[in-house]
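Note sheet for the following structure.
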Amino acid sequence: MLNKMTLQGLAHIGEFIGGIAIIISLAYLAIQVSDSNRLLRSQAHYNAMMLSQAPGTMMVQSPELSDLVEQCQMGKEPLSSSVLARCNQYTLMELNGWEYLYYQHLDSSIPPQLWLGADAYYRNEIQTKAGYTRFWKDYHIAYAEPFHSYVVAIFAEKNDVSGQ
């Protein structure tokens with residue numbers, strides 16, 4: 001009978017130790033998942049910054065491109081088809097960066113401050129530069145919902161302000 005109690009007692013101790021090991025394993029797994037999530041948010045932040053800064057980097061590196069984009073954005077006419085094509089491709093890259101930031105914001109993958117600053121920048125561009133209106137008229141089909149409606153609403157705000 002003593003051996004039976006001893007074996008049964010050892011079995012209970014083993015179960016207890018096994019339970020503690022499972023709890024420790026789950027805690028370790030939770031830490032790993034948390035670290036992975038932090039790294040993914042960091043990568044999304046980096047991606048957002050690189051994508052949204054690429055057009056500006058191009059302008060800094062090319063005075064010629066900077067002059068062309070300025071002509072387009074200020075609404076200067078007439079523009080040759082090749083100048084307009086370059087400007088449209090540039091603006092497409094710019095708005096693609098904004099779109100990426102928008103979806104990362106919806107997923108809470110970037111800091112809210114990054115979104116607020118970037119969104120304010122692009123809203124200001126739309127409000128103050130005529131070239132965005134021309135671009136959006138021709139290229140709005142490149143953007144799907146819900147980003148498309150978000151930008152349409154910003155253009156509507158611009159028209160409300162300028163129409164008053």
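Computed from a prediction, not measured in an experiment: that's the story for all the values here.
Looking at Ser52, its side chain does come within 3.5 Å of a backbone N or O of Ala48 through a donor-acceptor pair.
Hydrophobic clustering of Ile, Leu, Val, Met, Phe, Trp and Tyr side chains at less than 4.5 Å, counting indirect connections, keeps Met93 apart from Tyr100. Both Ile126 and Phe147 belong to a single network of hydrophobic side chains, linked directly or stepwise wherever heavy atoms of I, L, V, M, F, W or Y lie under 4.5 Å apart. Side-chain heavy atoms closer than 4.5 Å link hydrophobic residues (I, L, V, M, F, W, Y) into clusters, and following such links, even through other members, never connects Met50 to Val60. When hydrophobic clusters are built by joining Ile, Leu, Val, Met, Phe, Trp and Tyr residues whose side-chain heavy atoms come closer than 4.5 Å, directly or via intermediates, Val152 is grouped together with Leu92. The hydrophobic clustering, which links ILVMFWY residues whose side-chain heavy atoms are closer than 4.5 Å, places Met49 and Met59 apart.
Between Leu65 and Arg86 there is a side-chain heavy-atom pair separated by less than 4.5 Å. The side-chain heavy atoms of Val69 and Pro55, taken from C-beta on, include no pair separated by under 4.5 Å. Counting heavy atoms from C-beta outward, Leu95 and Phe135 have side chains that approach closer than 4.5 Å. In this structure the side chain of Leu101 never reaches within 4.5 angstrom of the side chain of Gln104, judged on heavy atoms. The shortest side-chain heavy-atom distance between Tyr143 and Trp136 falls under the 4.5 Å cut-off. Between Glu94 and Tyr121, some side-chain heavy-atom pair lies under the 4.5 Å cut-off.
The ring pair (Phe, Tyr, Trp, His ring centres under 6.0 Å) search around Tyr46 returns none, not counting sequence neighbours. Residues satisfying the salt bridge (charged side-chain N to carboxylate O under 4.0 Å, His left out) criterion with Asp119, sequence neighbours excluded, are Arg123. Thr128 meets the side-chain hydrogen bond (donor to acceptor under 3.5 Å, both in side chains) test with no other residue; sequence neighbours excluded.
There is a side-chain donor-acceptor pair under 3.5 Å between Glu145 and Ser149. Checking Gln43 against Asn47 by side-chain atom types alone, a donor-acceptor pair falls below 3.5 Å.
Clustering of Ile, Leu, Val, Met, Phe, Trp and Tyr by side-chain heavy atoms under 4.5 Å joins Ile20 with Phe16, Ile24. Residue Tyr28 is found outside any hydrophobic cluster, as its side-chain heavy atoms come under 4.5 Å of no other Ile, Leu, Val, Met, Phe, Trp or Tyr. With side-chain heavy atoms closer than 4.5 Å counting as contact, directly or through intermediates, the hydrophobic cluster containing Leu84 also holds Leu68, Leu79, Val83.
Atoms CD and OG, from Gln61 and Ser66 in turn, are 12.0 Å apart once rounded to the nearest 0.5 Å. The distance from the SG atom of Cys72 to the CD atom of Glu77 is 9.0 Å, given to the nearest 0.5 Å.
Around atom CD1 of Ile141, no more than 12 heavy atoms belonging to other residues, nucleotides or ligands sit under 6.0 Å away.
Contact between Gly75 and Ala130 at its shortest, heavy atoms only, is CA-CB, 4.1 Å. Residues Gly56 and Tyr90 approach most closely at N-OH, 3.9 Å, considering heavy atoms. Residues Ile110 and Leu114 share a closest heavy-atom pair of CB-CD2, 4.0 Å.
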side-chain contact (heavy atoms from CB on, under 4.5 Å) for Thr91 and Gln73? Distances and angles first, verdict last. CA-CA 9 Å; Thr91 306; Gln73 295 304 359; 3.2 Å; yes
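Using a 30° and 60° split on the angle between ring planes, Trp115 and His105 fall in the parallel class, below 30°. Between Tyr122 and Trp98, the angle of the ring planes stays under 30°, which puts this pair in the parallel group of the 30/60° scheme.
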